[in-house]
Amino acid sequence: MYLIVFDCDGTLADSQDNIMIGFTAAYRSVGLPVPSRDEVLSTVGLTLHVAFEHLLGRNDPELIGNMIKGYQQVIWEMRAKGREYDPLYEGALEALRELSARDDVLLGIATGKHSRGMKHLIGLHELEGVFTTMQTADVAPSKPNPGMIFQAMSETGAHLENTIMIGDTTFDMQMAANAGVKSVGVTWGYHSAEDVKTAGATYVIDQFHELIPVLSEHFNWNKEVA
Ligand SMILES: [Mg+2]
């Protein structure tokens, strides 16, 4: 059994517009100036609390708690009005369908998003039943702690050598390395090819259609057919 664990924002879904709306609301709700788009997007992948801690340069639980409320309020309002729509990257749906059709593959999610937001995205793109294990901010520590990968493996019974992490940030690559699993860094998200490579990516790909060939090579899937 192979376990392919996907990060969500920046890897499967292009969520940057909604993330900026959320961060802008968070900073405005506490009367602080909003950081630049680049600064905000560099923290995507961390749980919200850790992301705010990074951006503020300090851990102020009360302030951060209020910022998270500001973030969630605007996102929930948009969701209620049907305005929260994060498109999937080109080729993502096809790759997920092809992988989930294999009976020796299980798919998982490891995201800094909350379960509620993740389920909303799954519903939007009709991905119900595609992911066997879902590690979110509600049930696991923030990346780069390896907890999400360990929990995904234990929920599916997958072994280290048959597990791989797909993500767009250094946090994903470090989490994989901390867990002792291989990783694929993707360059269409929020961190550069150089950054994910430096953070320990086993493979780096620039387009979604390169993913299955890389996995086939890594896991020797082609040999089974030949
Ligand atoms: Mg990401």
Side-chain angles (χ1 to χ4, degrees), residues 5-76 79 84 86 108-121 133-153 165-181 183 185-186 189-192 195-196 198-201:
V5 184
F6 287 90
D7 162 60
C8 181
D9 295 325
T11 298
L12 294 175
D14 183 0
S15 36
Q16 56 177 304
D17 292 339
N18 288 323
I19 287 168
M20 270 322 291
I21 291 171
F23 272 84
T24 302
Y27 275 82
R28 288 203 178 134
S29 72
V30 296
L32 287 175
V34 184
S36 72
R37 193 176 183 93
D38 281 352
E39 282 177 285
V40 168
L41 293 181
S42 73
T43 69
V44 176
L46 300 170
T47 60
L48 269 183
H49 191 103
V50 178
F52 285 128
E53 213 179 296
H54 270 247
L55 290 168
L56 293 165
R58 66 183 193 277
N59 185 9
D60 181 337
E62 198 190 333
L63 175 67
I64 292 176
N66 287 330
M67 294 172 83
I68 291 175
K69 273 185 211 151
Y71 183 105
Q72 288 175 334
Q73 197 183 337
V74 74
I75 296 293
W76 290 347
R79 199 171 291 163
E84 191 205 19
D86 293 327
I109 287 284
T111 179
K113 290 172 100 66
H114 282 273
S115 300
R116 197 167 160 170
M118 193 59 227
K119 281 181 192 148
H120 175 74
L121 196 114
T133 175
M134 222 156 66
Q135 304 302 323
T136 65
D138 304 288
V139 297
S142 179
K143 301 167 187 179
N145 184 296
M148 288 189 185
I149 298 210
F150 290 148
Q151 287 177 201
M153 284 170 43
M165 175 71 207
I166 323 295
D168 69 303
T169 67
T170 58
F171 316 125
D172 298 303
M173 304 301 107
Q174 287 160 356
M175 171 174 68
N178 290 340
V181 305
S183 56
V186 308
Y190 304 132
H191 289 184
S192 69
D195 287 348
V196 291
T198 308

Between the main-chain N or O of [Y] and the side-chain N or O of [X], is there a donor-acceptor pair closer than 3.5 Å?
| X | Y | result |
| --- | --- | --- |
| Ser192 | Asp195 | yes |
| Thr11 | Cys8 | no |
| His114 | Ala137 | no |
| Asn178 | Gln174 | yes |

Looking only at heavy atoms, which two atoms of [X] and [Y] are closest? And how far apart?
| X | Y | answer |
| --- | --- | --- |
| Ser15 | Gly10 | OG-N, 4.3 Å |
| Asn145 | Pro141 | OD1-CG, 3.3 Å |
| Val5 | Ala152 | CG2-CB, 4.4 Å |

Side-chain contact test, heavy atoms from C-beta onward, threshold under 4.5 Å: evaluate it for [X] versus [Y] and give yes or no.
| X | Y | answer |
| --- | --- | --- |
| Val181 | Ser183 | no |
| Arg116 | Trp76 | yes |
| Gln151 | Thr133 | no |
| Thr43 | Leu55 | yes |
| Ile166 | Val186 | yes |
| His191 | Asp168 | no |
| Leu48 | Lys113 | no |
| Thr169 | Asp7 | no |

Can you tell me how far apart [atom1] ([X]) and [atom2] ([Y]) are? Round to the nearest 0.5 Å.
| X | Y | atom1 | atom2 | result |
| --- | --- | --- | --- | --- |
| Met148 | Asp172 | CE | CG | 9.0 Å |
| Arg37 | Tyr190 | CZ | OH | 8.5 Å |
| Met175 | Phe150 | CE | CZ | 10.5 Å |
| Glu84 | Leu121 | CD | CG | 7.5 Å |
| Met67 | His49 | CE | NE2 | 10.5 Å |
| Lys143 | Leu46 | NZ | CG | 8.5 Å |

Pairing donors with acceptors under 3.5 angstrom, does anything connect the side chains of [X] and [Y]?
| X | Y | answer |
| --- | --- | --- |
| Thr136 | Thr111 | no |
| His120 | Asp86 | no |
| Glu39 | Ser42 | no |

Look at the rings of Phe23 and Phe52 and say which category their plane angle falls in: under 30° parallel, 30 to 60° tilted, over 60° perpendicular.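 Because their plane-to-plane angle lies in the 30° to 60° range, the rings of Phe23 and Phe52 count as tilted.
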
Please name the residue in the list Thr24, Ile19, Ile21 that meets the side chain to side chain contact (heavy atoms under 4.5 Å, CB included) test with Tyr71. Ile19

